[in-house]
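A short write-up of the structure that comes next.
These numbers were taken from a predicted model, which means no experiment stands behind them. Residue numbers start from 1 in every chain, and the chains themselves are labelled A, B, ... in the order their sequence lines are given, proteins ahead of strands.
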Protein chains: 2
Amino acid sequence: MEQSGGRDVVERLRSDIVSSVFEPETRLKFADMTKRYDVGIGTLREGLSQLVSEGFVTLEAGKGFRVAPVSGEELIEITEHFIELEKRAITDAIAHGDDDWESHIVSSHHRLNIIEKLSWPERIERHSEWVQRHREFHESLVAACRGKWLFKLRSLMFNQLDRYRFVTKMAPQGLGKEKFEEHRQIMLAALDRDAEKASALIEHHIRDTSERARTML
Amino acid sequence: MEQSGGRDVVERLRSDIVSSVFEPETRLKFADMTKRYDVGIGTLREGLSQLVSEGFVTLEAGKGFRVAPVSGEELIEITEHFIELEKRAITDAIAHGDDDWESHIVSSHHRLNIIEKLSWPERIERHSEWVQRHREFHESLVAACRGKWLFKLRSLMFNQLDRYRFVTKMAPQGLGKEKFEEHRQIMLAALDRDAEKASALIEHHIRDTSERARTML
DNA sequence: GATAGAATGATTTTCGAAAATGGGTGGAGA
DNA sequence: TCTCCACCCATTTTCGAAAATCATTCTATC
């Protein structure tokens, strides 16, 4: 089998930062990183550099890379930006989505469901998979929106929220069941082409999650 | 004198793309680029990679980097996003700006003025400087906005607009004088703490420029 | 004892050579 | 004539060694 190759080192890095494998403000030294991810210095540098643009990492000239800090203030700001962008995106997607769009929503929701139905220990075991599928589900909802930049910007904000969502995932279960139902409701509203309802549901879904995250920060 | 060092290779690259030194869709080969910018392959790759996140360059795995395409549709979308973000940013800046904020607006406007007052041939001669000072002026207006991400996102959109602004700059003069006055009006509204007026002026300023650019595309 | 400066070690940053990949040409077989 | 495959060249992508930079400790001098 072909080894990782090193093309998805960015994803692994982002995943590790989101999962707090590296805590905020931690220095990311090349000596350690190259061993951990089994790639060369140059490749790693390119990856880190990309994460700087995404806001996960900071770069101080001459001092190297660090994991970007987190704060309640920033969480609030990111949440508001995301909600704003997402509402516009889903409204447009609902207006212009075709059959492929609908079917992809259904399939990605199903994939998310499979993990969300698992027992608690199994679920945290496969947490990185959950992150991936959760991202894909929300992405599928707005996939049909024209507006390349609208999509880019909302994805930027969504990825940032992943960092903060993580803290709520490690908390005692109970909120899982709620979110489970919320996802279903959002899907149904989208398939029903009810933009108003889908927007409202998403707004509540996101804002509620962020609120909980903020209290746990 | 110390040679370039290679830390601002990103700015030179962006500047060359904005100025259409490399036309859209052009392949950016490392062999040529390393000679042109006098930096190594790795450094260049890191720079290109950053421009991918900013949307100036595209990267197809295995096929290398290309200058991102331009289109009237994208111009419209970028314009609307920028106006939306900029209005929020300037409103917040006007509400919270201090004396330093004001004085920096005045000084950067002055620096822009110096170039805008020049004769036509001199002005296109120093076009890259104009781009820089124009950016700094608009940036100074919103510098006091809290909201790190609001600032980031609006800057992303502003940089994209630079590409499209360029086509209008090469057109026969006449619009120069108008923009000259518009910049002054915007500055006065900001110093007067009139958020409504400043927002309206900026909206018109940007939308008008984009409209002209679109007809010339 | 305090401070500046030099020397040392750790880490980042740069760079070009080597490996991997893609595109294109030509020739053999049908 | 057309298709397929093997080869070759151009280009990208990866990688680690060498140079540059930053932080720290040690020493000499006031």
* With distance as the sole test, does B:His110 use its side chain to make a donor-acceptor pair with the main-chain N or O of B:Val106 at under 3.5 Å? ->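 No: the side chain of B:His110 does not pair with the backbone of B:Val106.
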* Asked: Does the A:Arg214 side chain pair with the main chain of A:Gly72, one donor and one acceptor, at a distance under 3.5 Å?
  ->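 Not confirmed, A:Arg214 side chain does not pair with A:Gly72 backbone.
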* Neighbour count above 12 (heavy atom, 6.0 Å) for A:Lys148 NZ ->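 Result for NZ/A:Lys148: enclosed.
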* To do: Please report how far the helix from C:dG1-D:dC30 to C:dA30-D:dT1 bends, comparing the axis fitted to its first five pairs with the axis fitted to its last five, to the nearest 10 degrees.
  =>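 Answer for the end axes of this duplex: 0°.
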* Would you please confirm or rule out a distance under 4.0 Å between OP1 or OP2 of C:dT12 and any side-chain N or O of A:Arg45? =>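 Checking C:dT12 against A:Arg45, no side-chain N or O comes under 4.0 Å of OP1 or OP2.
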* To do: Could you say whether B:Gly42 or B:Leu28 is positioned toward the 5' end of DNA chain D, judged by the nucleotide with the nearest heavy atom to each?
  =>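 Looking at DNA chain D, the more 5' nearest nucleotide goes with B:Leu28.
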Distance, rounded to the nearest Å, where [X] contributes [atom1] and [N] contributes [atom2]:
X       : N      : atom1 : atom2 : result
B:Asp38 : C:dG16 : CG    : C1'   : 13 Å
B:Leu59 : D:dT11 : CG    : P     : 17 Å
B:Arg66 : C:dG22 : CZ    : C1'   : 13 Å
B:Leu44 : C:dG16 : CG    : P     : 12 Å
B:Glu46 : D:dT13 : CD    : C1'   : 15 Å
B:Asp32 : D:dA10 : CG    : P     : 13 Å
B:Phe30 : C:dA17 : CZ    : P     : 16 Å
A:Lys29 : C:dT13 : NZ    : C1'   : 17 Å

What nucleotide, of [options], holds the atom closest to the side chain of [X]?
X       : options                : answer
B:Arg27 : D:dT11, D:dC15, C:dT12 : D:dT11
A:Lys63 : D:dC22, C:dT13, C:dG16 : D:dC22
B:Ile41 : D:dC15, C:dC15, D:dT13 : D:dT13
B:Phe65 : C:dC15, D:dT12, D:dT13 : D:dT13

* To do: Considering only NZ, NE, NH1 and NH2 on the basic side and carboxylate oxygens on the acidic side, decide whether B:Arg135 and B:Glu139 come within less than 4.0 Å.
  =>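 Result for this pair is no, no salt bridge flagged.
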* Partner set under salt bridge (Lys or Arg N to Asp or Glu O under 4.0 Å) for B:Arg14, not counting sequence neighbours ->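 Partners of B:Arg14 under the salt bridge (Lys or Arg N to Asp or Glu O under 4.0 Å) test: B:Glu54.
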* To do: Please report the closest heavy-atom contact between A:Arg133 and A:Arg111, naming both atoms and the distance.
  =>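 For A:Arg133 and A:Arg111, the tightest heavy-atom pair comes out as NH1-O, 3.0 Å.
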* **A:Arg165 charged N/C atom sitting above A:Phe158 aromatic ring, 6.0 Å / 45°** =>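 Positive - A:Arg165 is close enough to the ring of A:Phe158 and near enough to its axis.
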